[in-house]
> 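Pasting a structure here, questions to come.
Atoms within a ligand are numbered from 1 in the order they appear, just like the ligands themselves.
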Amino acid sequence: MNNAPLTDDNAMWKQRFRMHQYRGYLAKCNHQRGLVASNQSGIYQLYSWTISNGQLRQLTNHSEGKRDGFISCDGRFVYYLNDKKGNETGHYTRIDVDTGKEVDLTPGREPYSSLGFHTDGIGKTIAYLTTDHEKGCQLFTQSVTMDSIGEPSLIYETANFTINPILSYNGDLVVIETTDVKKGIGSILVVFDISNNGRLISTLDYGHGVNVVPKQFASLPNDIRLLAKSNRTGANRPLIWNVRTNEQIDFIFDQFGIEGDIDPLDWSEDGNFILLLHIHNAIFRLYCYSIVDKTINALIEQPSGMIHDARFGPDGTIVVQWENAHTPRRIVALNVNNGAVEKVILGPSKIENLITRSQRSVTFSSSDKQLIQGRLTLPSTHADGPLAAIIDVHGGPAFVTSEKFDPVSEAWVDHGFAYLSINYRGSITFGREFEHKIYSDIGHWEVEDIVAARTWLVEQGIARPNTIFLTGWSYGGYLTLLTLGKQSSLWAGGLAGIAIADWTMLYEDSAESLKTYEVSLFGGTPAEKPELYAAASPITYVEQISAPVLIIQGANDTRCPARQMKCFESKMRQLNKKLEIEWFGGGHALNAPEQLILHIEKMLCWTHRVLEENNAKTTSQSKTAALF
Ligand SMILES: CSCC[C@H](NC=O)C(=O)N[C@@H](Cc1ccccc1)C(=O)O
């Protein structure tokens, strides 16, 4: 243990980061075309994808990379937010896939951030949400044809957190998910009739603390049934809502005895089947439900691992974005009846000479007896007993960590560390109560769960108590800094990336879209809830921090902006705390494998140094003690 970090260019841990990964989407009504985001050029960019021959043609060339784009139903156009240096603020732009010609959809407007974009089923209308300082959150629709782009038409404005615009097949209706009227937890659906001056025609509200999330309208002309999900039973379950008649069909599935979240992913073209993703305790399984027969079919042969997206594909297949501990993210075709992998559509079919470890799901009790689940990776031999350990905290908070191809955990384990990623309170897929527990009490239960993870690692004999480090990016970086302050004696060090240090300053500086999200997390603005914002902020606890800290922060990040971290840095310096901070030129997305390799190398070297210094201190203390 305590191996010096492997810094040579070909170290295996670096090779894993360089593996090509693929996210791919077929055009809804033309299964011959698709959109791919891949790191195959050395940084994530968008590609047009010809399905028949697997050919990819690069569409974007952004210096900080590009991962998110949207393909029109016929596959002729790709839309994306054209931002500057990864700052997630810019203009929506349309690329003609055949000619490569790019058109700005909103010339003359100030740059904006956005929380959603959607295209209809006939290639005539797009809908998107933009947010800026003056106007708050605005819903626009815009007519788009092969040769022309119309003016944006404002449908709705709100100051509240609003996401997920979804157009009906014909593009004459648009639905959004908004926290209007909720003041904090939960959301409602609101539908507007675009063909009738954007008139509000219906809302769906299941009451306080319940979320409703729109997924997709039926793919049939004039069919205005919306596939959605709601967590009103305590876990996410699908529903179909006729937005004009208000008729609702709930798929609770109690009769099938399935526990946990069931998310609707796709609706078959004939409207007879829905594709379902069952996620329970971070395990992902696909099901196909027949609306006509009311039967559910488990795709029992599907591979284990994480499913990011799945859609009904051509020739009785399901096209799935999938990865597991041994396989980088790729696109595979699964048999619609049994889930067996029929072929790898995009991605290398075999991984040569690369060691990857199995990841074990573990559970432990938090301070209030709530079970917390995590993913543990260990070196294959650890005969020397307890190890130095990393506790990894995911971002979000509304994410989940599950079995995946994970070059980061492997890099630490290559260097002899035990690595535990945890799904703390606030994570999704453990039920509504678990997810909502942190609202208006940000940073409280998350820290309890992190401390419980540490206790468990020590009790199990996996980790040495004085060699446990905390790490995370974004919300995970936030929790790293917060826990170092609130529970300072427990840690050998903390490594935080693109992190939150001061919620009030973050509110002042972050993109407008994120401001409304913060208000829903805290149940109010910093002016309305100053104590909550202060109590949740790492900067409040700097005095207590005793372990060394390494921070890696993006200069162009509009989610976790620079100023709040600069203030944290100067307070740490004033109080003579051990801090190393590295600024890099990008935004919030980590799109370039080589840059991530540099970050992780920095972290490995820093941790090695901290452990050596601690070792030297302990040795000299025991020598001094021996003199008396
Ligand atoms: C749909 S927008 C929600 C924001 C998103 N959280 C998802 O759970 C996110 O960007 N989270 C950041 C951290 C953050 C949270 C609140 C305000 C600013 C940043 C992340 O962890 O990446």
> For Arg67, which residues count as a salt bridge (Lys or Arg N to Asp or Glu O under 4.0 Å) partner, sequence neighbours excluded?
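Residues passing salt bridge (Lys or Arg N to Asp or Glu O under 4.0 Å) with Arg67: none at all.
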> So, for Trp267 and Phe217, is the gap between ring centers shorter than 6.0 Å?
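No, the ring of Trp267 stays outside the 6.0 Å limit from the ring of Phe217, centre to centre.
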> Among Ala499, Ala398, Ala511, which one has a heavy atom closest to atom 8 (O) of ligand 1?
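Nearest heavy atom to atom 8 (O) of ligand 1 lies in Ala398.
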> Mind checking whether Leu506 contacts ligand 1 via backbone (N, CA, C, O), side chain (CB onward), both or neither, at a 4.0 Å heavy-atom cut-off?
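The answer is the side chain.
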> Check whether Tyr80 forms a cation-pi arrangement with Arg94 (NZ or CZ under 6.0 Å from the six-membered ring centre, at most 45° off the ring normal).
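So Arg94 doesn't make the cation-pi contact.
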> What I want to check is whether the side chains of His394 and Ser427 have a donor and an acceptor closer together than 3.5 Å.
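Checked: His394/Ser427 side chains pair up, N/O donor to acceptor below 3.5 Å.
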> Answer yes if the ring centres of Tyr533 and Phe522 are under 6.0 angstrom apart, and no otherwise.
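Yes: the rings meet the under 6.0 Å criterion.
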> Is there a heavy atom in Pro397 that sits closer than 4.0 Å to ligand 1?
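It does; at least one heavy atom falls under 4.0 Å.
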> According to the interplanar angle, ranging from 0 to 90°, do the rings of Trp13 and Phe17 count as parallel (below 30°), tilted (30 to 60°) or perpendicular (above 60°)?
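Answer is perpendicular, since the angle exceeds 60°.
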> For the aromatic rings, using the six-membered ring if either is Trp, is the centroid distance between Trp445 and Tyr424 under 6.0 Å?
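Not under 6.0 Å, so no.
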> Below a 4.0 angstrom heavy-atom separation, can you tell me which part of Tyr475, side chain or backbone, both or neither, approaches ligand 1?
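Tyr475 to ligand 1: contacts from backbone and side chain alike.
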> Is it the case that ligand 1 has an N or O less than 3.5 angstrom from some N or O of His588?
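Yes - when backbone and side-chain N and O of His588 are compared with those of ligand 1, one distance drops under 3.5 Å.
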> What is the nearest protein non-hydrogen atom to atom 20 (C) of ligand 1, stated with its residue, atom name and distance?
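Sorting protein heavy atoms by distance from atom 20 (C) of ligand 1 puts Ser474 OG, 2.4 Å first.
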> Would you verify whether the NZ or CZ of Lys566 falls within 45 degrees of the ring axis of Trp583 while also being under 6.0 Å from that six-membered ring's centre?
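Pair Lys566/Trp583 counts as cation-pi.
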> When you check the side-chain N and O atoms of Ser187 and Glu177, is any donor under 3.5 Å from an acceptor?
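Yes.
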> What protein heavy atom is closest to atom 17 (C) of ligand 1, reported as residue, atom name and distance in Å?
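The protein heavy atom lying closest is Leu514 CD1, 3.5 Å.
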> Identify the protein heavy atom lying closest to atom 14 (C) of ligand 1, giving its residue, its atom name and the separation to 0.1 Å.
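Among all protein heavy atoms, the one nearest atom 14 (C) of ligand 1 is Ile500 CD1, 3.8 Å.
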> Within the 4.0 Å heavy-atom shell around Tyr517, which atoms of ligand 1 are there?
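Per the distance check, 3 (C), 4 (C), 6 (N), 7 (C), 8 (O), 15 (C), 16 (C).
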> Can you name the atoms of ligand 1, numbered from 1 with element, that are less than 4.0 Å from a heavy atom of Gly395?
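Going through ligand 1 atom by atom, the ones under 4.0 Å from Gly395 are 21 (O).
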> Quick test: of every protein heavy atom, which one is nearest to atom 6 (N) of ligand 1, and how far off is it to 0.1 Å?
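Its nearest protein heavy-atom neighbour is Gly396 O, 3.0 Å.
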> When only distance counts, is Phe161 in polar contact with ligand 1, meaning an N/O pair under 3.5 Å?
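Not met; the criterion fails.
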> Show me the pairs that pass salt bridge (Lys or Arg N to Asp or Glu O under 4.0 Å) and involve residues 427-437, at least two apart or across chains.
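Qualifying pairs: none.
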> Could you identify the single nearest non-hydrogen protein atom to atom 9 (C) of ligand 1 and state the distance to 0.1 Å?
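Protein heavy atom at minimum distance: Arg559 NH1, 3.5 Å.
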> List the closest protein heavy-atom neighbour of atom 2 (S) of ligand 1: residue, atom name, distance to the nearest 0.1 Å.
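Ranking protein heavy atoms by distance from atom 2 (S) of ligand 1, first comes Leu115 CD2, 3.8 Å.
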> How does Phe522 reach ligand 1, if at all, at less than 4.0 Å between non-hydrogen atoms: by side chain, backbone, both, or neither?
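For Phe522, no heavy atom sits under 4.0 Å from ligand 1.
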